[in-house]
Amino acid sequence: MPDGRLRPVDLAREHGLSTQAVRNYEEAGILPPAGRTASGYRAYTDLHACALRAFVALVPGFGHQTATSIMRALHRDATDEALRTIDESHAQLLDDRRTLQAVEQALRDLAPSVRPGASDPPSPGVTFIGPLARRLGIRPATLRKWERAGLVRPRRDPHTGYRVYTAADVRDAQLAHQLRRGGYLLEQIAPLLAQVRAAGGLAPLETALRDWQDRLSARGRAMLRGAAELDAYVRRRESG
């Protein structure tokens with residue numbers, strides 16, 4: 001097109017998108033508003049192409065929703081808000097790394113106590129569903145759901161019928177909680193914990209932890225790539 005104008009298809013082709021997706025991104029505020037030709041067609045520019053490149057690069061590391069929030073903030077001239085959103089995502093990644101470290105430490109502590117046929121710890125270590133839920137920052141209903149999925153196996157007090165969680169049950173609940181934070185599904189966690197209990201070893205979880213570490217590293221690299229494209233877009237906007 002003349003004067004450096006680009007059609008929706010020109011932007012879409014670079015990223016394997018549909019032209020409708022490009023229009024939707026503009027309407028959502030992910031791209032700045034497009035100009036119009038004399039005949040009423042959208043006329044994009046290199047600035048729009050740079051914006052789309054930044055958004056597409058942000059999605060793998062930050063997720064679609066957060067990437068959208070970042071681009072919308074920039075287009076409202078709320079740069080500090082966009083930067084704060086980026087900071088929060090990096091903080092979450094750091095928190096996830098710390099969670100992984102906590103899981104690894106918990107598994108190291110777990111090894112001596114998970115032996116085939118091991119008996120429960122003595123009664124002074126027991127707790128109940130309410131205190132345990134508060135300790136983990138979850139709802140009691142979540143613990144009941146985990147029990148149905150086989151993640152935790154509390155016994156019942158014969159007199160009150162209340163669920164009683166031993167130290168081993170608490171440990172299993174903590175591991176389940178941490179693995180859930182790592183993005184694992186209940187149906188993935190249950191067999192891992194069952195194998196650890198049965199085998200008296202940590203091999204079933206070691207593969208999962210390596211996979212978790214790989215995914216965190218990939219996410220960190222993706223965030224770097226997204227930030228680089230976003231910086232290029234910000235500089236392009238500032239240069240006019």
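- For R215 and D96, the salt-bridge test fails: no basic side-chain N is under 4.0 Å from an acidic carboxylate O.
- Classification of R181 and D95 as a salt-bridged pair holds, one side-chain N sitting under 4.0 Å from a carboxylate O.
- E229 places none of its side-chain heavy atoms less than 4.5 Å from the side chain of Y233.
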task: Kindly determine whether D172 and Y165 satisfy side-chain contact (heavy atoms from CB on, under 4.5 Å), including the steps that lead there.
output: CA-CA 10 Å; D172 290 349; Y165 295 84; over 6 Å; no

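- Remark: R36 pairs with R42 by the side-chain contact (heavy atoms from CB on, under 4.5 Å) rule, at least two apart or across chains.
- By the 4.5 Å heavy-atom criterion applied to side chains, T79 and V234 are not counted as neighbours.
- The structure places CZ of R236 at 10.0 Å from NE2 of H48, a figure rounded to the nearest 0.5 Å.
- Closest approach of S89 to T66, counting heavy atoms only: OG-CG2, 3.6 Å.
- A salt bridge links R235 with D231: at least one charged nitrogen is closer than 4.0 Å to a carboxylate oxygen.
- Once rounded to the nearest 0.5 Å, the distance linking CZ of F55 with CZ of R72 reads 9.0 Å.
- Between Q174 and V170, the closest side-chain pair of non-hydrogen atoms falls below 4.5 Å.
- No more than 12 heavy atoms of other residues, nucleotides or ligands sit less than 6.0 Å from atom CD of Q65.
- Expressed to the nearest 0.5 Å, how far CG of L132 lies from CG of L136 amounts to 4.5 Å.
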field: From CA spacing to verdict: side-chain contact (heavy atoms from CB on, under 4.5 Å), R156, R163
entry: CA-CA 5 Å; R156 294 280 186 159; R163 291 173 172 84; 3.1 Å; yes

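- In this structure, Y25 has no side chain to side chain donor-acceptor pair (under 3.5 Å) partners at least two apart in sequence or on a different chain.
- R219 has its side chain within reach of Q92: a pair of non-hydrogen atoms, C-beta onward, lies under 4.5 Å apart.
- With H90 contributing its side chain and G220 its backbone, the two residues share no donor-acceptor pair below 3.5 Å.
- Distance CG/D157 to CZ/F128: 6.5 Å, rounded to 0.5 Å.
- In this structure the side chain of L179 never reaches within 4.5 angstrom of the side chain of Q188, judged on heavy atoms.
- In terms of heavy-atom proximity, A51 sits nearest to L31 at CB-CD2, 3.8 Å.
- Shown are L17, T19, V22; of these, the side-chain contact (heavy atoms from CB on, under 4.5 Å) with L11 is made only by V22.
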task: I would like to know whether R180 and L186 meet side-chain contact (heavy atoms from CB on, under 4.5 Å); could you show each step before the answer?
output: CA-CA 8 Å; R180 287 289 290 145; L186 297 185; 3.6 Å; yes

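- Two residues are said to be in side-chain contact when any heavy atoms from C-beta on lie closer than 4.5 Å; R148 and R144 meet this criterion.
- At a cut-off of 3.5 Å, with distance as the only test, no side-chain donor of D214 or S217 sits close to an acceptor on the other residue.
- Here the CZ atom belonging to R84 is positioned 9.0 Å from the CG atom belonging to D87, to the nearest 0.5 angstrom.
- In this structure, the separation between CD1 on I129 and CZ on R139 is 11.5 Å, given to the nearest 0.5 Å.
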message: side-chain contact (heavy atoms from CB on, under 4.5 Å), that's the test. Do R237 and D77 meet it? Break it down for me.
response: CA-CA 11 Å; R237 289 184 80 226; D77 293 324; 3.5 Å; yes

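- Minimum interatomic distance between A173 and L143 (heavy atoms only, all atoms of both residues): CB-CD2, 4.2 Å.
- Ring pair H177/W146 is tilted by interplanar angle, where 30° to 60° counts as tilted.
- Considering only heavy atoms from C-beta on, R97 comes within 4.5 Å of L93 through its side chain.
- Here the shortest heavy-atom pairing between A149 and A190 reads O-CB, 3.3 Å.
- H15 pairs by the ring-ring contact (aromatic ring centres under 6.0 Å, His included) definition with nothing, not counting sequence neighbours.
- The two residues R7 and Y44 come nearest to each other via the heavy atoms C-CD1, 4.0 Å.
- Considering only heavy atoms from C-beta on, M71 comes within 4.5 Å of L230 through its side chain.
- Closest approach of A133 and P140 over heavy atoms only: CB-N, 3.7 Å.
- A donor-acceptor contact shorter than 3.5 Å is absent between the side chain of R5 and the backbone of G35.
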